[in-house]
Trainee: 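Sharing a structure below in structure tokens format, with a few things to ask.
Quick note: numbers below take in every heavy atom, side chains included, and nothing from hydrogens, waters or symmetry partners. A quick note: this is a predicted structure, and the numbers were derived from the prediction, not measured.
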Amino acid sequence: MGLAGNYFIRDANEEALSLPKPPYEVALLIQDRSFLADGELFYAHQDPAAPGLPNPTHLPENFGDVVLVNGVAWPLLEVEPRKYRFRVLNGSDSRVYDMSLSNRMPFIQIGSDLGLLNAPVELQVLSLAPGERADIILDFARMEGQTIVIGNSAAAPYPDGDPVDAATAGQVMAFRVNQPLSRVPDRPLPSNLRPLSGPVPAITRAIRTRKILLFEGTDARGRLQTMAGIVDSSRPALNGTLVFTDPITENPQLGDTEVWEFYNSSADAHPIHMHLVDFRILGRQKFKGTITPKTNSDGSEGGVLDEASINLLGKARPPSREEAGKKDTAKMFPGEVTRVAARFTRPGEYVYHCHILSHEDHQMMRPYFVGQLPRALRRRSSRAPEGSMRTPSFLRRHHADSLDLRAGGRVLGGLLPRGGAAPGGRHPAAPPRPRRAHPRWRRARAGR
């Protein structure tokens, strides 16, 4: 529904660091949207290439041409020539942002999804997929009079889709360094960000490794459908793609540490999110494998990645420095296996899913259970009517907080990228972006 919000959890370690505090700490929630000429929010809901589909129908992604930050289109934030702390959340449906600053100043990242890093990391490009968060410092000292624009260079879909329009979604927001410097101390950034809590703990001694398949197939109506499933030849009845109502296949016991390997055989990157667990990214590696067709329990067309055919290519890449902290969402790139390690400390039923909302809402979501699996869940099979999906209780209860649009006592004002007229102020009912041919039933895209 477009609702999203921020909340912050602080501890003694953070308070000991003397990081910038409000009004020099600002939440930035980034979302791309589309609007009709009268300002009404527009969501693409028809596929002109397939007139026989229901109206409205599901489309594989949604990309807007107006970038909102805290609900304001292309805002301009007036700042002092000092350090600011920004808590950045990508709340978009499908869009990844590869952000850089127009004056080439660095982002200094101090935290990721679930807390502070061990030490600050300088970045020329800050990359955030839907659901990912970043805790960053921008130092505007000695930049009086400058207007600095955050640009976005990420293709859509990511990473090999259409180039971004530099005049619309290619810009996020701007800072104007025109406020007088206050008397509030502008303290140096500490080199050790975890003086009380100690370094981010490593996760070691995994009890087991699970292989998970990420796949693009078609649903029972022939629409592109993203899916997840297992790569496990020892379970032939379940092996391959699965839908949400299929039996649970991931059942860690309380306190277990596991490595989950996500094999992305699709054309796009998927930001995979695991509920109520923190994980560490261990690395990524290219792979090849053979995929054969599978008809899923709901009539959709998926696939099976032959476990014996998997061929790892080259050397595994360790996580980048900004990914070395506690994560709950990570990009799984096409043609690669991404390995994460997690310790499961909360009992009960949870889900993992792609954080592209159009994907998680169309079957790229699977339940997992921590602890002794109840008998009812052991027997569960897909009994839902075609095209339906059980709504988990946590989603029925979910609500979102609204955002405070003010930063430092000043409302974020609109920044219009060209000529004072908001590009993308209208969104014609044009055909959706053409999809590349799906590589079904051939060699998996992995390692092409």
Side-chain angles (χ1 to χ4, degrees), residues 1-4 29-35 41-50 53-68 89-97 128-132 154-162 164 169 214-229 241-244 262 264-273 275 296 298 300-302 329-334 351-366 387-389 391-392 395 398 400 424 427 429-436 438:
M1 297 297 182
L3 298 177
L29 170 57
I30 305 171
Q31 297 171 300
D32 60 330
R33 295 288 184 259
S34 297
F35 297 91
L41 186 68
F42 176 83
Y43 190 92
H45 59 279
Q46 291 177 272
D47 185 355
L53 293 177
N55 180 19
T57 194
H58 175 83
L59 297 176
E61 285 103 16
N62 183 274
F63 299 107
D65 54 2
V66 177
V67 178
L68 307 181
L89 163 63
N90 182 353
S92 301
D93 182 291
S94 307
R95 188 178 295 281
V96 177
Y97 298 88
L128 289 181
E132 285 191 298
Y158 191 79
D160 298 322
D162 301 324
V164 67
L214 307 179
F215 188 81
E216 288 182 354
T218 55
D219 67 11
R221 296 183 180 272
R223 300 171 296 193
L224 188 143
Q225 179 170 295
T226 52
M227 313 172 194
T241 51
L242 298 164
V243 297
F244 186 83
F262 293 88
N264 185 358
S265 67
S266 75
D268 306 326
H270 297 282
I272 297 297
H273 172 52
H275 277 211
N296 297 320
D298 67 345
S300 59
E301 296 297 324
T329 307
K331 302 180 193 72
M332 314 290 174
F333 291 95
V351 295
Y352 69 91
H353 60 85
C354 178
H355 224 301
I356 292 174
L357 303 183
S358 294
H359 291 182
E360 71 172 53
D361 288 349
H362 202 205
Q363 293 294 356
M364 205 169 202
M365 179 188 288
R366 287 283 296 151
S388 71
M389 187 176 86
T391 301
L395 289 179
H398 182 70
H427 192 294
R433 174 193 54 77
R435 297 286 304 187
R436 286 152 287 170
H438 183 263

Trainee: I'd like to know if the side chain of Ser34 reaches the main chain of Leu41, judged simply by a donor and an acceptor atom lying under 3.5 Å from each other, with no hydrogens or angles considered.
Mentor: no
Trainee: Heavy atoms only: give me the nearest Ser92-Pro130 pair and the separation to one decimal.
Mentor: O-CB, 3.5 Å
Trainee: Of all heavy-atom pairs between Ser265 and Leu214, which one has the smallest distance, and what is that distance?
Mentor: OG-O, 2.8 Å
Trainee: Decide side-chain contact (heavy atoms from CB on, under 4.5 Å) for Thr226 and Ile356; before the verdict, give the C-alpha distance in whole Å, the side-chain angles of both, and the deciding distance to 0.1 Å.
Mentor: CA-CA 10 Å; Thr226 52; Ile356 292 174; over 6 Å; no
Trainee: If every non-hydrogen atom of Pro334 is compared with every non-hydrogen atom of Ser266, which pair is closest and at what distance?
Mentor: CB-O, 3.3 Å
Trainee: Tell me if a side-chain donor or acceptor on Asn90 pairs with a main-chain N or O of Arg95 at a distance below 3.5 Å.
Mentor: yes
Trainee: Do you know which two heavy atoms are closest between Arg33 and Gly91, and how far apart they sit?
Mentor: NH2-O, 4.4 Å
Trainee: As a test of understanding, state which of Arg223, Arg221, His45 forms a side-chain hydrogen bond (donor to acceptor under 3.5 Å, both in side chains) with Thr57.
Mentor: Arg223
Trainee: Could you report the tightest heavy-atom contact between Phe244 and Arg366, atom names first, then the distance?
Mentor: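 Result for this residue pair: O-NH1, 3.7 Å.
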Trainee: Out of curiosity, Gln363 CD to Met227 CE, how far, rounded to the nearest 0.5 Å?
Mentor: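 Reported to 0.5 Å precision, the distance equals 8.0 Å.
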Trainee: Between atom CG of Leu68 and atom CD of Gln31, what is the distance when rounded to the nearest 0.5 Å?
Mentor: 6.5 Å
Trainee: Using modelled atom types only, decide if a donor and an acceptor are shared between the side chain of His58 and the backbone of Ser358 within a distance under 3.5 Å.
Mentor: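 Yes, His58 side chain to Ser358 backbone: donor-acceptor pair under 3.5 Å.
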Trainee: For the residue pair Tyr352 and Phe262, does the interplanar ring angle fall in the parallel (under 30°), tilted (30 to 60°) or perpendicular (over 60°) class?
Mentor: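 Because their plane-to-plane angle is over 60°, the rings of Tyr352 and Phe262 count as perpendicular.
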Trainee: How many angstroms lie between atom CG of Asn264 and atom CD1 of Ile272, to the nearest 0.5 angstrom?
Mentor: 8.0 Å
Trainee: Checking Asp298 against Ser300: is there a side-chain donor and acceptor pair closer than 3.5 Å?
Mentor: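 Yes - a donor-acceptor pair under 3.5 Å links their side chains.
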Trainee: Which one of Glu132, His355, His270 satisfies the side-chain hydrogen bond (donor to acceptor under 3.5 Å, both in side chains) criterion with Lys331?
Mentor: Glu132
Trainee: Output, in order, the C-alpha distance, side-chain angles, deciding distance and verdict of side-chain contact (heavy atoms from CB on, under 4.5 Å) for His359 and Glu61.
Mentor: CA-CA 7 Å; His359 291 182; Glu61 285 103 16; 3.1 Å; yes
Trainee: Tell me whether Asn62 contacts the main-chain N or O of Asp93 through its side chain, where contact means a donor paired with an acceptor under 3.5 Å.
Mentor: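 Checked: no pair found.
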Trainee: Once rounded to the nearest 0.5 Å, what's the spacing between atom CG of Asp160 and atom OH of Tyr158?
Mentor: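 So the CG of Asp160 and the OH of Tyr158 are separated by 9.5 Å.
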Trainee: Have His353 and His275 got a donor and an acceptor in their side chains that come within less than 3.5 Å?
Mentor: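 Yes.
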